[in-house]
Amino acid sequence: MPFSPSALLSRAPSTLRHDFAASLVVFLVALPLCIGVAVASGVPAELGLITGIVGGIVTGLMRGSSLQVSGPAAGLTVLVLEAVQAFGLAVLGVIVLAAGLLQIGMGALKWGRWFRAISLSVVEGMLAGIGLIIVVGQVYAAAGLAAPASGLDKITGLPAAVVDALGDSTALASGAVAVATIVVMVGWRRMPGAARAVPGALVAVVLAALATALFGLPVATVRVGAVLDAVHLPGADALSALAEPAVLGTVLAFALIASAESLFSAAAVDRLHAGPRTSYDKELVAQGVGNTLCGILGALPMTAVIVRSSANVQAGARTKASRVLHGVWLLLFAALLPATLTYVPLPALAGVLIHAGWKLIPFRGIVTLWRAHRGEALVLAATAVAIVTVNMFEGVLIGLALSIAKAAWDASHLRVESSEDESGTVHIRLSGNVTFLRLPKVLDALESLPRDRPVELDLSGIQHLDHACRTALENWAERHSTAGPDAIRLHDLPGRPGAERVSAPAG
């Protein structure tokens, strides 16, 4: 049944206690991330809070996944920043609105399950590319410097930026705050269990704010206004931008990437608990409804976020009440305590995002993948490089194209074995899938055979023989049979249709 206040009241006290405690943990994890993602995306901090509120209360109430938590995600930061720079903040809301409607349509058509068919190497490559851009881009923000626009320029300009920062006392102070924030977050995981109940990101940001205020450090802080003032409903001019091909391409990128990230997160969260499994189509609709509302409000796009979701599960959440309550706490904070955000140093948020971006890069996974499946590792690396050097959408398309090409190549796996017996007969055995992709290998092996000896061709190990290869084998057999009527003997797979057989004509 869908979640409702009456259902909440009817929960057992133990369940409510666990959900209430988990909601506070998720709120404390989500708060710095909502602000940090908004700032890194080039939009007001309030818009990150709005998306977090919608993700908690609206998407949290809907069916789909019971324990994963939605909100603004670091994985879309790069794409949002590019959209804001290219089209403006007003058009961003229209893009998010259209992407949400597209997600609802895909969910209604039951396309959610098909996102599970996307190559994991492409998804991990996408996250690795995003993570690398976030890390490099936030290094500039940590030092209070302006970052170049493209991912490649961010990387190539990094040495010069470091040199500039070392000669500027303000940049050094800002960088020191960011480094200290990262150190606290990494070290917090080694604290005793009771202390780890408080999220390390929140502790690091609070300590950075206290240090900045007490020592009067010359670092920039968050600028925040009233949340309601940040809401901008889409106007006619913004809606007319949907006629532009570039905007439509961005809508498609938002919808596909947000959906893939949300549904892969759902699969990961399902492995963390023993509760109800995710309904992928319903979850896609829930994400679409949330993004549609975020677009109407002019806020950031949302996805399901694995950091918040895993924190929710690990904190002992039992039902979707925990994620709804986390949205309520965000709403109360935005309504009652928004002024406290002005004490948060921007380099501290940069440190939080550097840590989040670093975790998106699967270093251990790449090494393991390279040892077991080098082709998949190359697809992952190529996707990440394409995202950094080109852009998000085209980089993902390049990764998908490479993944499909690799699958086609693997599907045409072929083995050719050759031997010769005492009578001089040459035995050739083909096994696997004989398709046009491997035709050169087959013909090279057959045409290298001596023409003055009989050949025994064994096709019993073939799983698939396409038309191009069958025709080529027939032509080769016809040419080779000029040596005599017994030049070729065929051992075909029993029961194979006659059209699939290869034989030499009588001499």
Say whether, by atom type as modelled, one donor and one acceptor occur between the side chain of S322 and the main chain of R318 under 3.5 angstrom.
no
Tell me whether T303 contacts the main-chain N or O of A258 through its side chain, where contact means a donor paired with an acceptor under 3.5 Å.
no
Kindly give the heavy-atom pair with the smallest separation between A255 and L102, and that separation in Å.
CB-CD2, 3.5 Å
Check whether any side-chain heavy atom of V251 lies under 4.5 Å from a side-chain heavy atom of L97, and answer yes or no.
no
Exam field: side chain T368 to backbone G365, donor-acceptor pair closer than 3.5 Å:
no
Backbone of A317 reached by a side-chain donor or acceptor of D19 within 3.5 Å:
no
Between the side chain of K110 and the main-chain N/O of D281, is any donor-acceptor distance below 3.5 Å?
no
Could you give the distance from NE2 (H326) to CG (L28), rounded to the nearest 0.5 Å?
10.5 Å
Could you tell me whether the side chains of Q68 and S265 share a donor-acceptor contact shorter than 3.5 Å?
yes
Does some side-chain heavy atom of I35 sit less than 4.5 Å from a side-chain heavy atom of V222?
yes
Are any of the side-chain heavy atoms of V43 and V84 separated by less than 4.5 Å?
yes
Tell me if a side-chain donor or acceptor on T51 pairs with a main-chain N or O of G48 at a distance below 3.5 Å.
no
Sidechain-backbone polar pair: T342 side chain, A339 backbone, donor-acceptor under 3.5 Å:
yes
Taking all atoms of both residues into account, what is the closest heavy-atom pair of I50 and A299, and its distance?
CG2-CB, 3.8 Å
Quick one: closest heavy-atom pair of P234 and V94, and the distance?
CB-CG2, 3.8 Å
Nearest atoms (heavy-atom pairs only) where L89 meets P44:
CD2-CD, 4.1 Å
With the side chain counted from C-beta on, respond yes when V139 and I354 share a heavy-atom pair under 4.5 Å apart, and no when they do not.
yes
Please check if atom CG in L228 has more than 12 non-hydrogen atoms from other residues, nucleotides or ligands closer than 6.0 Å.
no
Could you tell me if the side chain of S66 sits less than 4.5 Å from the side chain of E283, heavy atoms only?
no
Should I257 and V396 count as side-chain neighbours, where that means a heavy-atom distance under 4.5 Å?
yes
So, taking the atom named CD in E394 and the one named CD1 in I398, what distance separates them when rounded to the nearest 0.5 Å?
6.5 Å
In this structure, which one of V37, V39, T181 forms a side chain to side chain contact (heavy atoms under 4.5 Å, CB included) with L353?
V37
Passes ring pair (Phe, Tyr, Trp, His ring centres under 6.0 Å), W114 versus Y280? Steps please.
CA-CA 9 Å; W114 290 105; Y280 287 87; over 10 Å; no
Answer yes or no: is there a side-chain heavy-atom contact under 4.5 Å between F87 and L92?
no
Evaluate the side chain to side chain contact (heavy atoms under 4.5 Å, CB included) criterion for residues F254 and V80: first the C-alpha distance (whole Å), next the side-chain angles of each, then the deciding distance (0.1 Å), finally the verdict.
CA-CA 9 Å; F254 270 53; V80 172; 3.9 Å; yes
With a cut-off of 6.0 Å (strictly less than), are more than 12 heavy atoms of other residues, nucleotides or ligands near OH of Y343?
no
Begin from the C-alpha positions of L61 and K320 and carry the test side chain to side chain contact (heavy atoms under 4.5 Å, CB included) through to its verdict.
CA-CA 7 Å; L61 283 169; K320 62 177 66 175; 5.9 Å; no
CG of L252 to CG of L248: how many Å apart, nearest 0.5 Å?
9.0 Å
If you draw a 6.0 Å radius around NE2 in H273, do more than 12 non-hydrogen atoms from other residues or ligands fall strictly inside?
yes
With no hydrogens and no angle check, do the side chains of Q103 and N291 hold a donor and an acceptor under 3.5 Å apart?
yes
Pair V388-I155, side chain to side chain contact (heavy atoms under 4.5 Å, CB included): steps then yes or no
CA-CA 9 Å; V388 172; I155 295 175; 3.5 Å; yes
In short, L67 meets R323 closest at the heavy-atom pair N-NH1, 4.3 Å
Going from OG on S65 to CG on D270, what distance comes out if it is rounded to the nearest 0.5 angstrom?
5.5 Å
Would F333 and L31 count as a side chain to side chain contact (heavy atoms under 4.5 Å, CB included) if you check the C-alpha gap in whole Å, the side-chain angles of each, and the deciding distance to 0.1 Å?
CA-CA 9 Å; F333 179 88; L31 181 60; 3.8 Å; yes
Could you check whether atom CZ of F363 has more than 12 heavy atoms from other residues, nucleotides or ligands sitting under 6.0 Å from it?
yes
Where the side chain of K154 meets the backbone of P148, is there a donor-acceptor pair that is under 3.5 Å apart?
yes
Quick one: OG on S262 to CG on L284, what's the gap to the nearest 0.5 Å?
8.0 Å
More than 12 foreign heavy atoms under 6.0 Å from CZ of R277: is that the case here?
yes
S309 (side chain) donor-acceptor with V305 (main chain) under 3.5 angstrom:
yes
Counting only heavy atoms from other residues, nucleotides and ligands, does the tally under 6.0 Å from NZ of K282 exceed 12?
no
L378 versus W370: any side-chain heavy-atom pair under 4.5 Å?
yes
Ignoring hydrogens and angles, tell me if any N or O in the side chain of S240 forms a donor-acceptor pair with the backbone of D237 under 3.5 Å.
yes
Say you draw a straight line from CE of M62 to CD1 of I57; how long is it, rounded to the nearest 0.5 Å?
14.5 Å
Nearest heavy-atom contact between A128 and I361 is O-CG1, 3.8 Å
List the steps, then state whether side chain to side chain donor-acceptor pair (under 3.5 Å) holds for S70 with Q287.
CA-CA 8 Å; S70 300; Q287 294 294 324; 2.8 Å; yes
